[in-house]
A.B. asks: 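Would you mind keeping the following structure in view while I ask a few things?
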2 protein chains.
Amino acid sequence: MSYATEPVTLSLKAARERKGLSQRTLGAQAGVPQSHISRIEKGVVDLRLSSLVELARTLDLELMLVPRGKTAVVQAIIRDDDQRNIQSARGAAKILQHLENQIEALPGDVQSEIVIQKLQRWVRELMHFNLSADDLVQLQDVSAVMQEFQNDPCNLSAAGRAETRMSVLRNALADDVGASVMSGPRPAYRLDGDDHG
Amino acid sequence: MSYATEPVTLSLKAARERKGLSQRTLGAQAGVPQSHISRIEKGVVDLRLSSLVELARTLDLELMLVPRGKTAVVQAIIRDDDQRNIQSARGAAKILQHLENQIEALPGDVQSEIVIQKLQRWVRELMHFNLSADDLVQLQDVSAVMQEFQNDPCNLSAAGRAETRMSVLRNALADDVGASVMSGPRPAYRLDGDDHG
DNA sequence: ATTTTTGATAGACTTTTATATATCAGAAAA
DNA sequence: TTTTCTGATATATAAAAGTCTATCAAAAAT
């Protein structure tokens, strides 16, 4: 297709993948058939403005007309935003992995405690979400609380607090955008307002 | 039409008007019939991405997908750019008006000099162009030279130098984008790379 | 190993853009 | 005033987008 439109459709696809959405779930959210999204990303069709805007919004993107002389600046801003979100996602993944390792390293009797079991469930479930910078901060809190517990394994109240915070975080995410935030098979990142709407 | 696309088509129209292009001349440059542009600006049609990109580029604009959280920053950048270009155009208009007044205030015999006549022609012709920040700087030079002449009206060489610079500026503009840069009836501004392409 | 998910692709059909060409009223310029 | 220019609008036609529905191979999860 027209080479001029390629950058747009490509960054549309990149955004979708960053958010870990499949063509089907994105289509469901935006009200567009999966087949159409496929053709758009492949550059087979010359999509209409309304479709473009619709898809962009679903991906937390806004279409803007930027003066030639300013494109470099804007692109730098966008790249920086992407970078930060990717870093957040990576950081979150790292913390979650660490938490899981900590739990698995616990003695058997402690591991069978209901609090610990629940905590483990939350950890595993959260690994399937795409986490933002805000979420990362909360995860770091949880990690700190867990450190307390690590220092004094007899006291289960710390673990309880960690479990509570974790469940709150997970439920907030689930409420937020519904099941659509669930990531696909590959490592998925998120691209949206880290700086307060 | 879909309310979601309105901001885009509106800023397209705004950009065209800033550049002082008629729907017809823009259409000629972008290879699109005037009737189509009218319908686009009126929001009657849901134009295709390729058309959008084509029109945008003709207007020195680039289509970009900006993360929600960053739209405010980007919009500030765009507004600032617009503002600077509008200021340039206003400044240029002011200088040209001043030059014309200066010439008309000259004694009849000096006014009939060929150099002065030519200079006056350039001034009047340039008033029909949309001038950028770069052009403004050159105009300021001319204005300074004219001040020399004002101080010593017997010495026509200063006027000659002013005339030369003026013609160079005009021809550069004419070469640049062809007759399409000629402004419409209303005060017209320009929106493009003030900072070296 | 089996089930599920993902992206690509196809056919039939409707809706819409986009083009070419004209016309027209109102604003601006001569 | 008269001419020129601008934007809105109409019609007919060709060329696509967009939807619905389904299928399919490969990758991934169980």
Side-chain angles (χ1 to χ4, degrees), chain A residues 1-2 4-5 8-10 12-56 58-59 124-125 127-130 179-188, chain B residues 1-2 4-5 8-10 12-56 58 121 124-125 127-130 179-188:
Chain A
M1 196 189 69
S2 160
T5 68
V8 179
T9 55
L10 281 185
L12 216 53
K13 172 173 183 173
R16 177 180 66 80
E17 287 175 340
R18 251 197 308 275
K19 295 203 77 171
L21 297 179
S22 74
Q23 292 180 341
R24 277 186 175 84
T25 56
L26 173 60
Q29 276 190 255
V32 160
Q34 177 265 329
S35 60
H36 194 208
I37 294 184
S38 171
R39 287 187 314 196
I40 289 170
E41 291 185 351
K42 281 243 117 187
V44 178
V45 297
D46 188 1
L47 79 167
R48 295 185 194 157
L49 178 54
S50 62
S51 310
L52 177 57
V53 172
E54 211 60 49
L55 288 173
T58 312
L59 294 166
R124 286 185 175 151
E125 198 161 354
M127 292 196 296
H128 294 161
F129 282 84
N130 303 299
S180 66
V181 206
M182 306 281 295
S183 80
R186 263 172 283 284
Chain B
M1 198 189 65
S2 159
T5 68
V8 179
T9 55
L10 280 185
L12 216 54
K13 173 174 184 173
R16 177 181 66 79
E17 287 174 339
R18 250 198 308 275
K19 295 203 78 170
L21 298 179
S22 73
Q23 293 179 341
R24 277 188 174 82
T25 56
L26 172 61
Q29 275 190 257
V32 161
Q34 177 266 328
S35 60
H36 194 209
I37 295 183
S38 171
R39 288 188 318 199
I40 289 171
E41 291 185 352
K42 280 243 118 187
V44 178
V45 298
D46 188 2
L47 79 168
R48 295 187 194 154
L49 177 55
S50 62
S51 310
L52 177 57
V53 172
E54 209 60 49
L55 288 173
T58 313
R121 249 222 344 253
R124 287 186 175 151
E125 198 161 353
M127 291 196 298
H128 295 161
F129 281 83
N130 303 298
S180 65
V181 205
M182 305 283 294
S183 81
R186 263 174 283 284

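In what follows, every chain begins at residue 1, and chains take the letters A, B, ... in the order their sequences are listed.
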A.B. asks: Taking side chain to side chain contact (heavy atoms under 4.5 Å, CB included) as the test, write out the residues that go with A:Q34, two or more places apart.
C.D. replies: A:Q23, A:R24, A:S38
A.B. asks: Considering residues at least two apart in sequence or located in another chain, which fulfil the salt bridge (Lys or Arg N to Asp or Glu O under 4.0 Å) criterion with A:E54?
C.D. replies: none
A.B. asks: CG of A:L49 to OG1 of B:T9: how many Å apart, nearest 0.5 Å?
C.D. replies: 7.5 Å
A.B. asks: What pairs with A:R39 under side chain to side chain contact (heavy atoms under 4.5 Å, CB included), at least two apart in sequence or on another chain?
C.D. replies: A:H36, A:V44, A:V45
A.B. asks: Touch check for B:S22, heavy atoms < 4.0 angstrom, all strands: base, sugar-phosphate only, or nothing?
C.D. replies: sugar-phosphate
A.B. asks: Donor-acceptor pair, A:D46 side chain versus B:R48 backbone, under 3.5 Å?
C.D. replies: no
A.B. asks: Between atom NZ in B:K42 and atom P in D:dA8, what is the gap in whole Å?
C.D. replies: 5 Å
A.B. asks: Nearest whole angstrom, please: distance from the P of D:dT9 to the CD1 of B:I37.
C.D. replies: 16 Å
A.B. asks: Expressed in angstrom and rounded to an integer, what is the separation of B:D46 atom CG from D:dA16 atom P?
C.D. replies: 17 Å
A.B. asks: Rounded to the nearest 0.5 Å, how far apart are CG of B:L47 and CD1 of B:I40?
C.D. replies: 4.5 Å
A.B. asks: Say you draw a straight line from CG of A:L59 to CD of A:Q29; how long is it, rounded to the nearest 0.5 Å?
C.D. replies: 8.0 Å
A.B. asks: What is the distance from CG of B:L47 to C1' of C:dT16, rounded to the nearest Å?
C.D. replies: 12 Å
A.B. asks: Check the distance between C:dT5's C1' and A:L21's CG and give it to me in whole angstrom.
C.D. replies: 14 Å
A.B. asks: For B:S22, what residues pass the side chain to side chain donor-acceptor pair (under 3.5 Å) criterion, not counting sequence neighbours?
C.D. replies: B:T25
A.B. asks: Which heavy atom of B:L55 sits nearest a heavy atom of B:A30, and at what distance?
C.D. replies: CD2-CB, 3.7 Å
A.B. asks: Output the single nucleotide from C:dA18, D:dG18, D:dA8 whose closest atom is nearest the side chain of B:S51.
C.D. replies: C:dA18
A.B. asks: Can you check the A:E17 CD to C:dT5 P distance for me, whole Å?
C.D. replies: 19 Å
A.B. asks: Give the rounded distance in Å between these two atoms: CZ of B:R16 and P of D:dC5.
C.D. replies: 16 Å
A.B. asks: Defining pairs by Watson-Crick or G-U wobble geometry with both distances under 3.5 Å, how would you list the stems of DNA chain D with at least three pairs each?
C.D. replies: C:1-30 with D:1-30
A.B. asks: Just the atom pairs and distances: protein N or O near nucleotides 19-26 of chain D's N or O, under 3.5 Å.
C.D. replies:
{"unit_1": "D:dT19", "atom_1": "OP2", "unit_2": "A:H36", "atom_2": "ND1", "d": "3.4"}
{"unit_1": "D:dT21", "atom_1": "O4", "unit_2": "A:S35", "atom_2": "OG", "d": "3.4"}

A.B. asks: Expressed in angstrom and rounded to an integer, what is the separation of B:I40 atom CD1 from C:dA18 atom P?
C.D. replies: 6 Å
